[in-house]
Amino acid sequence: MRTRIADCLTKVAPGTIVDVRGWVRTRRESKQEFAFIELNDGSSFHSLQVVADKSIPDYETLIKLVQTGASVAVVGELKESPAKGQKVELHAQSLKVLGQADAAKYPLQKKGHSFEFLREKAHLRPRTNTFGAMARVRNAICHAIHCYFQQRGFLYVHAPIISTSDCEGAGHMFQVTTLDLAKLAQLQQSKGTGASPSGAPTASMEIDYTKDFFGKKAGLTVSGQLEAEIFACSVGDCYTFGPTFRAENSNTTRHLAEFWMIEPEMPFYELEDNMALAEDFVRTVIKEVMAKCPDDLQFFNDRIEPTLLASLENISGNDFIKLTYTEAVDILLKSGQTFEYPVAWGKDLQSEHERFLTEQHFKQPVILTDYPREIKSFYMRANDDGKTVRAMDVLVPRIGEIIGGSQREERHDVLIQRMQECGLDPADYWWYLELREYGTVPHSGFGLGLERTVQLITGMQNIRDCIPFPRTPKSADF
RNA sequence: UCCCCGAUAGCUCAACCGGUAGAGCGCCGGACUGUUAAUCCGUAGGUUCUUGGUUCGAAUCCAAGUCGGGGAGCCA
């Protein structure tokens, strides 16, 4: 029966015979016929030091095969280690090489690698310290998120991945179709209409979507919010947690074409309740991950981001700053800072403005509320001043926006008016409007980007290193 | 999509004014060692991203493209 290395290092009593399996990180060989093998199975940040000597059957042959990247099974006695660096070590009685790894070809060396290089080795990078730690922290974050909502009676609702409402408004959609595009292009060409000289279809080409799989144009979801509202207005507090897709040509350290989003939606919540939940949620998740993954976070603090632990303590231990967009604009105008983009009421805040607020002025997470209605979505509840809506953005140092949310417009007539203002056809949102027609209630919700949370908690700079297999423009391997 | 930068050994990078390619690490071999990113000595390892251009001569200059990085926008 296999024992996990995490258990060997923490739970198993010295003197116990254990069977351990994993991948070789390094081997330090002595000519005096023994060797140290650094073995990692992913269960812990730390590896287990295996001491192997010539008492092992076939030692001379086997030890040559124990190279970085090889998989091995070791049975032996767990003993207290006489040397520094580890409390316990495994004295091998038998050694079996399960799978060799040619050291001349194995891409992962004993030295550090650039993240750019490791992204090209996404099938092997979880075997590194950094990406093993990222995987465990990411898992702990997801677990903490589910626990947080489950303990508070929220229902986990599965929003659809495929959506035919072309108008969710949160970004450009990836199209989902079973139409034969090559055949359509060919048809178009043979008709001699609507094709450019290169043969590429042009805008004049009209597709008959009634022939498509769903009978209408379909795409991958950009948000589960509208569907979550349906359940909030029926079964009560709920949340979605699933993949989200944006076909934007975004090339930044904080955007992915495929990412995971958590979207809680609560009936009878006004904006203040929404803010309180968002803050408590973020702070609680950080605390739980700090408690669950101390070794991994210590590594990130030591090797990736030296201010990480201090900033997590700061975020989890202090109230978020809450202020309105208008107050934020005042602070920015009076700051004396010269910004590349000028600050003016009515314009959306730029990254540099948000960073100034969170990193220099307050040095803490900030919740901004009540943005100008012109720069926010139709579904956000209009304030009585006629100028602003009940929006909220949670901004954190280093990352920027980690949560976007709002109180939703629950008044039927106002919602229709807002749709028209935003150039949307209310007919497309008939079911969304019916929620306001039949038993409407005040309600609120927000969206938390999972990968941005991973960025925040690990200190990793690039969001492409916060998801196992990142999808970005021109990149969707593995 | 826009702006800037980059692409040279397995990896990280160097190569001055255009003159025929170099280091560290890794691998391999040796020495040494309760070692732990071990250390020391040595060997091997190159279509300088692609295509075209300028030139007696291009890693180096020019153009286009591809990919990568940083910033911006879009946002989570």
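Throughout, protein chains are lettered first and strands after them, A, B, ... in sequence-line order, and every chain is numbered starting at 1.
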Could you verify whether a donor N or O on one side chain and an acceptor N or O on the other, from [X] and [Y], lie under 3.5 Å apart?
X: A/Gln49; Y: A/Ser81; value: no
X: A/Asn129; Y: A/Arg25; value: yes
X: A/His91; Y: A/Glu89; value: yes
X: A/Glu305; Y: A/Asn301; value: no

Compare the minimum distances between each of [options] and the side chain of [X], then state the nucleotide with the smallest one.
X: A/Thr26; options: B/U35, B/G73, B/A38; result: B/A38
X: A/Arg254; options: B/A72, B/U35, B/C11; result: B/A72
X: A/Arg119; options: B/C11, B/G69, B/A76; result: B/G69
X: A/Arg28; options: B/C11, B/A76, B/A38; result: B/A38
X: A/Ser475; options: B/U1, B/A72, B/G68; result: B/G68
X: A/Glu401; options: B/A38, B/G68, B/C75; result: B/C75
X: A/Gln49; options: B/G34, B/A76, B/A72; result: B/G34

| task | Would you classify B/C17 as syn or anti? Syn applies when the glycosidic angle is within 90° of 0. | result |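 Because its glycosidic torsion lies within 90° of 0, B/C17 adopts the syn conformation.
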| query | Any sub-3.5 Å donor-acceptor pair from A/Arg136's side-chain atoms to A/Gly42's backbone N or O? | reply |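 Yes, A/Arg136 side chain to A/Gly42 backbone: donor-acceptor pair under 3.5 Å.
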| query | Is it true that the NZ or CZ of A/Lys376 lies under 6.0 Å from the centre of A/Tyr371's six-membered ring and within 45 degrees of the ring axis? | reply |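 Here A/Lys376 passes the 6.0 Å and 45° test against A/Tyr371.
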| task | Find out whether the Lys NZ or Arg CZ of A/Arg303 is both under 6.0 angstrom from the six-membered ring centre of A/Phe300 and within 45° of the ring's axis. | result |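 Negative - A/Arg303 is either too far from the ring of A/Phe300 or too far off its axis.
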Categorize [X] for me: base, sugar-phosphate, or nothing, with a 4.0 angstrom heavy-atom threshold over every strand shown.
X: A/Tyr341; value: sugar-phosphate
X: A/His46; value: nothing
X: A/Arg303; value: nothing
X: A/Ser81; value: base
X: A/Phe36; value: base
X: A/Ile262; value: nothing
X: A/Gln86; value: base

| Nearest heavy-atom pair of A/Gly346 and A/Tyr325: which atoms, and what distance? |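 Between these two residues, the closest heavy atoms are N-OH, 2.9 Å.
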| Which parts of nucleotides 26-33 of chain B does protein reach within less than 4.0 Å, heavy atoms only, written one letter per nucleotide 5' to 3' as B for base, S for sugar-phosphate only and - for none? | SSS--SBB
| Involving RNA chain B, stems made of at least three consecutive Watson-Crick or G-U pairs, both distances under 3.5 Å |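 Stem list for RNA chain B: B:1-7 with B:66-72, B:10-13 with B:22-25, B:28-31 with B:39-42, B:49-53 with B:61-65.
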| request: Flag the pair A/Phe149 / A/Phe241 as yes when their ring centroid distance falls below 6.0 Å, and as no otherwise. | output: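 Aromatic pair excluded; centres sit 6.0 Å or further apart.
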| task | Give a yes or no on whether a salt bridge exists between A/Arg246 and A/Glu258, defined as a side-chain N under 4.0 angstrom from a carboxylate O. | result |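 Looking at A/Glu258 together with A/Arg246, the answer is no, because their closest N to O distance does not fall below 4.0 Å.
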